[in-house]
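What follows is a single structure, written as structure tokens, with notes after it.
First the proteins, then the strands, lettered A, B, ... as listed; each starts at 1.
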Protein chains: 2
Amino acid sequence: MPKLGMEPIRKAALVKATIAEIGAAGSLDVTVSQIARRAGMSTALAHHYFGNKEQMFLAAMRHVLSIYGAEVRGALATADGPRERLRAIIRVSFAAGSFRSEVVGAWLNFYVLAQTVPEAKRLLRIYQRRLRSNLLAELRPLVGGDASDVADGLGALIDGVYIREALSDGAPDGAAAARLVLAYLSCRIDGTGANRG
Amino acid sequence: MPKLGMEPIRKAALVKATIAEIGAAGSLDVTVSQIARRAGMSTALAHHYFGNKEQMFLAAMRHVLSIYGAEVRGALATADGPRERLRAIIRVSFAAGSFRSEVVGAWLNFYVLAQTVPEAKRLLRIYQRRLRSNLLAELRPLVGGDASDVADGLGALIDGVYIREALSDGAPDGAAAARLVLAYLSCRIDGTGANRG
DNA sequence: GTTTTTGTTGATTGACGAGTCAATAAACTT
DNA sequence: AAGTTTATTGACTCGTCAATCAACAAAAAC
């Protein structure tokens, strides 16, 4: 049956299965068997393409991060003015592309992975830095010298909402999550807690 | 050598060792051997007192949570007025008793544990509810109907700062962390981002 | 002074899982 | 047609680790 050019297909299936398994298990304690089974192949093949489990985890992380990055770019492309661009970044952070229970569950575990795997830490740092610089660029014209503080606050708040979501039952409520973060933003840039628009 | 009344001493040593091991490893992937060795006893004895590893983890969680609870109560006992009481809760959340790298590392992993162990989820929920109700009681006289939103925001922000800390190198900077959260509070209750006092 | 309770451990069991390997087969190359 | 590369897997190795057990020791109870 060996059709050629399977590598990217298999890898993609494994990445997807890895995220799903970690999300479903709520832990990094998933076996290569489970991942391979979900992806519809043998464990030997999974090892063949990724070498070891850690590489599968890292590929899954890169995938989640790149999806998120693409969504942010997409959202920014159609948003005008600092206020709207900030709102767009926040809204997209809780949009259906990333704010799904399996992804949230995986996200939490990527933080744990980053404690022991330097490459995972590096990836998470890149995400944090990029988010921070995106926020800073729009915040500076609005709050000047406080931009740095506000950006840190927003970053921490977004992460906090994410992990709290991992603990709740039921499907994530992205709208509510976004509202919460938008309220923080409004307060810092308009001096009000109200969240209109 | 069998001195009597060892049980509480051994258990306390194991709880402490469990937190230290999880914090040091940055993961729940610690063996009973490691924990027992650090606590100065055999693995068999650890099993004798706790039955299984999960119970050790849960005991460690209860310990961390109870320390935090005690510190909050202590801080509230000497704080007057809603503003000061809120500030006290935030400050104590980042005080040296709980905001230490091993504890922060363990904390992150307790979130992961809560994904699979119902009792862990229950404990974390109790912490969240208690924090929320503490905040709510002081926020209501200050912001009325917005109290609920602000409490949710503060809770998420505190958690966010915690997990971000788990990712940074070097000793935690509790003062900076508290400042960040206090700025959010000021903004929501005073309508300003500035953080005085 | 024997029996019971409490403390303690080395050795063992039993399960599980990551990673390897040899083997098979289909497609491409020459 | 022979040889090479790519795809694929079942079976196996080797290590690890949670949990158990039998045994020993000292204090307490009777």
Ring centroids only, cut at 6.0 angstrom: are B/Tyr111 and A/Tyr111 within range, meaning strictly under it? no
Using a cutoff of under 3.5 Å, can you pull out all pairs of nitrogen or oxygen atoms linking the protein to nucleotides 1-5 of chain C, with atom names and distances?
none

Here the distance between atom P of D/dA19 and atom CD of B/Gln55, to the nearest Å, is 10 Å
Atom NE2 of A/His47 and atom P of C/dG17 are separated, to the nearest Å, by 12 Å
Practice problem: Might you confirm whether atom NE2 of B/His63 has over 12 heavy atoms from other residues, nucleotides or ligands at distances under 6.0 Å? | Solution: no
In short, side chain to side chain donor-acceptor pair (under 3.5 Å) pairs touching residues 99-108 of chain A with sequence neighbours left out are A/Arg100-A/Glu102
Separation of D/dC17 atom P from B/Lys53 atom NZ, nearest Å, is 9 Å
So which protein nitrogen or oxygen atoms get under 3.5 Å of nucleotides 9-11 of chain D's nitrogens or oxygens?
unit_1	atom_1	unit_2	atom_2	d
D/dT9	OP2	A/Ser42	N	3.2
D/dT9	OP2	A/Ser42	OG	3.3

B/Asn52 CG to D/dT20 P, in whole Å, measures 8 Å
Note to self: Could you walk me through whether A/Asp80 and A/Arg85 satisfy the salt bridge (charged side-chain N to carboxylate O under 4.0 Å, His left out) test, starting with their C-alpha distance in whole Å, then the side-chain angles of each, then the deciding distance to 0.1 Å, before giving a yes or no?
What the structure shows: CA-CA 6 Å; A/Asp80 263 3; A/Arg85 290 169 73 79; 5.5 Å; no
Discussion item. Under 4.0 Å, counting only non-hydrogen atoms across every strand here, what does B/Phe50 touch: a base, just sugar-phosphate, or nothing?
Written reply: nothing
When rounded to whole Å, the NZ to P distance for the pair B/Lys11 and C/dT8 reads 14 Å
*Would you kindly say whether A/Arg140 and A/Ser148 are connected by a side-chain donor-acceptor distance under 3.5 Å?*
no
Output yes when B/Asp169 and A/Arg125 qualify as a salt bridge under the 4.0 Å nitrogen-oxygen rule, no when they do not.
yes
To the nearest angstrom, the CD-C1' distance between B/Glu7 and C/dT6 comes to 10 Å
*N or O in side chain of A/Tyr49 less than 4.0 angstrom from D/dT8 OP1/OP2*: yes
Report all side-chain donor-acceptor pairs from residues 16-25 of chain A shorter than 3.5 Å, counting only partners two or more places apart or in another chain.
unit_1	atom_1	unit_2	atom_2	d
A/Thr18	OG1	A/Leu14	O	2.6
A/Glu21	OE2	A/Arg38	NE	2.6
A/Glu21	OE2	A/Arg38	NH2	3.2

Answer yes when A/Asp159 and A/Arg164 have at least one side-chain N-carboxylate O distance shorter than 4.0 Å, and no when they do not. no
### Message
Salt bridge or not between A/Arg91 and A/Glu84? Use side-chain N to carboxylate O under 4.0 Å.
### Response
yes
Next on the checklist: Can you tell whether the side chains of A/Asp190 and A/Arg83 come within less than 4.0 Å, N to carboxylate O?
Outcome noted: yes
What residues 17-39 of chain A contributes to the DNA chain C interface at heavy-atom separation below 4.0 Å is A/Val30, A/Thr31, A/Val32
Contacts satisfying ring pair (Phe, Tyr, Trp, His ring centres under 6.0 Å) that involve residues 64-86 of chain B (not counting sequence neighbours) are B/Tyr68-B/Tyr127
